[in-house]
Number of protein chains: 2
Amino acid sequence: MKQKITIKTIAKELGVSTSTVSKALKDSHEISKETKDKIQAYANLYNYKPNSLALQLRNQKTKVIGVILPKIVHHFFSTVIMGIEEGAIEKGYHIMVCFSNESYAKEVETLKVLSNGSVDGLIVSIANETLKNKDFKHFTDLVSEEIPLVLFDRVVDDILCDKVVVDDVGAGYKATKHLLDNGRKRIALITTPKHVNVGTLRRQGYEKALIEEYIKTDKNLIVEIDENSDVRKQIEFVFNQEIDGVFAVNEIYAANAMRIAKEKGLNVPKDFSVIGFTDGLISEYSSPSITTIAQHGFTMGKQAVELLIERIEKETEVYSPKKIVISSNLKLRESTKPSS
Amino acid sequence: MKQKITIKTIAKELGVSTSTVSKALKDSHEISKETKDKIQAYANLYNYKPNSLALQLRNQKTKVIGVILPKIVHHFFSTVIMGIEEGAIEKGYHIMVCFSNESYAKEVETLKVLSNGSVDGLIVSIANETLKNKDFKHFTDLVSEEIPLVLFDRVVDDILCDKVVVDDVGAGYKATKHLLDNGRKRIALITTPKHVNVGTLRRQGYEKALIEEYIKTDKNLIVEIDENSDVRKQIEFVFNQEIDGVFAVNEIYAANAMRIAKEKGLNVPKDFSVIGFTDGLISEYSSPSITTIAQHGFTMGKQAVELLIERIEKETEVYSPKKIVISSNLKLRESTKPSS
DNA sequence: TGTTAACACGAAACCGTTTTCGTGATTTTT
DNA sequence: AAAAATCACGAAAACGGTTTCGTGTTAACA
């Protein structure tokens, strides 16, 4: 890379001290107009830009926020990133994005690297493997180092930090209630393994809605998907039962379920209703389009980053972690058009 | 944030100089075993981590790569990010991600901020507005500052830097040829405005395939989508003509076209074929699933970052820009099952 | 005319680390 | 026993800025 122009260069070239240059560039009253003009003209001519590393070192802050996501090729997470970035830019921050790829080891490593001073704070959604392990030491260490941290979506209560989540129980309830209202009686649930807490919470909502209608939850109608083996096969399994609707905790499962239903000759939404989670493009463009729970990823991201920046910039010693719950809502589409 | 432990702290605490601490932590032979043990033990105990800002300043490199994308909630771009990140991590780099949101102003601003020393190099896909403006000064400035830059997908030849693109002409050709081979005669093209060069290139491939079959390109079969107004309406327009197939330059347009075709009572793929670009989830999960040109975003990202890092680390003064062309291939699905 | 204030600038410390070059104290060599 | 080599460590500069605190010169005031 070309030799960059620095304050020193300018100082030497113009026969003044670095302090004078620094002050002149900040339009300090200490410096005479002529000197300022001369220095500023020179700086402009040679396109001087203050070296941000030097400033970061001096100010002891980077104006960078680290973001660690389990994955990115995913509508929800990419929407969240959008929100985080927008919120960050508004406050003069930038984001450094890393992925854990759902791996515990990579999450630990990334957290370690980012917490060595390269970022002012972190926004994280926990990797699946970590949730399974239940080993959160890398997070609690971060907290005890007092590095600002905000967890979102996939959070755990043991980690004492700010959190942003969707109202998963409520969402599960709304989704199931909607199916019941449409007259469905035997509703399958396609969810994640228990360690993924969002899945568990959505399941609670599902069960709550059923109980209210005096329907006993039937274990055979519930399938916990193991992403390491054939997802489609596992979903097909539930179709061995007699069912008239399905609530899936994400849109991939929902799309798969609908496809299977159609292949089995079921007419969606006439004979069979489908409802998913994450209001992504699949739900919008599949046919029939799929009713979903909208997660408001953008809002989540924005709230998370605002929370974090507040935490970073507030020097208050006493600090009680906040938890923001974003309410989700139903996005009605063709897959649950009332069966006449 | 808690007061971080530094080399100075250790030095003072242990009554040695900072140089000794620094050397001891690097296991230098200059330091006696006892002193090293003592210092290392202390560092471990208090969980000392070298401040990365100080290192970056001293080494004059950040090991960070800036990435500027037009958008992220998009299958292709998020796949590219994955590739970039993986390649970066492998070489000990991290990525700083920003979005231009297709805006010229934000692109200029972001480029300026990132080129002040916070990154060692940049990977960019140009914003639509910039392509329309044809104002690339912010890029050429970067090049003349000799800041390593790699452009991908949306590139322009005037900027002298490394580039990674897909074989858009070839891809357009393959897609159109495939439709022709399926016996389609009146093939609509749904593309972008002319300033988006990838659209223009794909169109060239389309025209080339038609010419080979002695079919004259019919302007009425081509629609250039303006994203600022109703996309669906614009696509519908082309259905006023008699057509038996459509080639769309991205999957959203393809999905829309297929939906309209179905609404018009056309049977896909029996009466009508659809082929898209970007092998995303929509194409996979819509019904019928949509044949696409796979863009290999992951590969593009990885190649781009490898090119960039090579450029960053090679101190060779003479440097001739490279252009890597990634060949795309057809992913056959239901929307173009041969009409019997 | 002597004192004080305002002005315009520079010296030096600081942020946290690395690294070159001394240097005094041992140990080895002759 | 004197010279040379080795050892174990420290001082200081450097990376590129900012900022506090002088300080010499000039202008204003009594």
Side-chain angles (χ1 to χ4, degrees), chain A residues 1-40 42-43 46-64 113 115-120 145 147, chain B residues 1-40 42-43 46-64 113 115-120 145 147:
Chain A
M1 215 182 313
K2 212 177 203 168
Q3 187 54 35
K4 289 242 170 189
I5 178 168
T6 72
I7 272 195
K8 280 189 192 176
T9 330
I10 304 183
K12 193 171 294 173
E13 222 44 48
L14 263 43
V16 294
S17 75
T18 59
S19 10
T20 305
V21 177
S22 173
K23 288 169 190 164
L25 293 174
K26 311 192 98 67
D27 233 354
S28 160
H29 65 274
E30 285 186 52
I31 309 297
S32 71
K33 185 159 186 325
E34 307 113 81
T35 314
K36 278 199 280 197
D37 286 351
K38 190 176 62 175
I39 292 177
Q40 287 170 1
Y42 191 96
Y46 290 100
N47 189 26
Y48 167 77
K49 292 182 230 168
N51 180 304
S52 73
L53 288 179
L55 291 181
Q56 291 175 28
L57 180 59
R58 165 144 252 272
N59 300 331
Q60 295 290 78
K61 55 185 168 195
T62 63
K63 290 278 185 173
V64 174
V113 174
S115 65
N116 65 359
S118 18
V119 300
D120 290 346
E145 284 185 63
I147 293 178
Chain B
M1 217 184 312
K2 213 178 202 169
Q3 186 54 36
K4 288 244 172 191
I5 176 168
T6 72
I7 273 197
K8 281 190 191 175
T9 330
I10 304 183
K12 193 170 295 171
E13 220 47 46
L14 262 42
V16 294
S17 76
T18 59
S19 7
T20 306
V21 176
S22 175
K23 289 170 191 165
L25 293 174
K26 311 195 98 67
D27 233 355
S28 159
H29 64 275
E30 286 186 51
I31 308 297
S32 71
K33 186 158 186 323
E34 306 113 84
T35 313
K36 278 200 281 198
D37 286 351
K38 190 175 62 175
I39 292 177
Q40 287 170 3
Y42 191 96
Y46 289 100
N47 189 25
Y48 167 77
K49 292 183 231 166
N51 179 305
S52 74
L53 287 179
L55 290 181
Q56 292 175 27
L57 180 59
R58 163 144 253 272
N59 300 330
Q60 294 290 78
K61 55 186 167 196
T62 62
K63 289 279 185 172
V64 174
V113 174
S115 65
N116 65 358
S118 17
V119 300
D120 289 346
E145 283 185 64
I147 293 177

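Protein chains get the first letters and strands the later ones, always in sequence-line order, with residue 1 at the start of each.
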(message) Short of 4.0 Å, heavy atom to strand atom, which residues of residues 49-63 of chain A count as contacting DNA chain C?
(response) A:Leu57, A:Arg58, A:Gln60
(message) Tell me which residues in residues 20-31 of chain A lie within less than 4.0 Å of DNA chain C, going by non-hydrogen atoms.
(response)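 Within this stretch, A:Thr20, A:Lys23, A:Glu30, A:Ile31 sit under 4.0 Å of the strand.
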Is [X] near enough to [N] that one of its side-chain N or O atoms lies under 4.0 angstrom from OP1 or OP2?
{"X": "A:Ser17", "N": "C:dG10", "answer": "yes"}
{"X": "B:Lys4", "N": "C:dC15", "answer": "no"}
{"X": "B:Tyr48", "N": "C:dG16", "answer": "no"}

Distance, rounded to the nearest Å, where [X] contributes [atom1] and [N] contributes [atom2]:
{"X": "B:Lys33", "N": "D:dC7", "atom1": "NZ", "atom2": "P", "answer": "16 Å"}
{"X": "B:Lys12", "N": "D:dG10", "atom1": "NZ", "atom2": "C1'", "answer": "16 Å"}
{"X": "A:Glu34", "N": "C:dA8", "atom1": "CD", "atom2": "C1'", "answer": "10 Å"}

For [X] versus [Y], what's the shortest heavy-atom pair and its separation?
{"X": "A:Ile147", "Y": "A:Ser115", "value": "CD1-CB, 3.6 Å"}
{"X": "B:Ile39", "Y": "B:Ala24", "value": "CD1-CB, 3.6 Å"}
{"X": "B:Val113", "Y": "B:Ser118", "value": "O-OG, 3.6 Å"}

(message) If the threshold is 4.0 Å, N to carboxylate O, is there a salt bridge linking A:Glu145 and B:Lys49?
(response)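 A salt bridge links A:Glu145 with B:Lys49.
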(message) Check this for me: does any side-chain nitrogen of one of A:Lys36 and A:Asp27 sit under 4.0 Å from a carboxylate oxygen of the other?
(response) yes
(request) State whether the side chain of B:Glu30 and the backbone N or O of B:Lys23 hold a donor-acceptor pair below 3.5 Å, judged by distance alone. (result)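 Absent.
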(request) Say whether, by atom type as modelled, one donor and one acceptor occur between the side chain of A:Asp120 and the main chain of A:Thr62 under 3.5 angstrom. (result) yes
(request) Find which nucleotide of DNA chain D each of B:Thr18 and B:Thr35 is nearest to by heavy atoms, and output the residue with the more 5' nucleotide. (result) B:Thr35
(message) Measuring from the side chain of B:Ile7 (C-beta onward, heavy atoms only), which nucleotide among D:dT18, C:dG10, C:dT18 has the closest atom?
(response) C:dT18
(request) Give A:Ser32 one of three labels, base, sugar-phosphate or nothing, depending on what nucleic acid heavy atoms sit under 4.0 Å from its own. (result) sugar-phosphate
(message) Test of understanding: with salt bridge (charged side-chain N to carboxylate O under 4.0 Å, His left out), list the residues that count as partners of B:Lys61, not counting sequence neighbours.
(response) none
(message) Are A:Tyr48 and A:Leu25 packed together at the side-chain level, in the sense that at least one heavy-atom pair is separated by less than 4.5 angstrom?
(response)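 A:Tyr48 vs A:Leu25: side chains touch.
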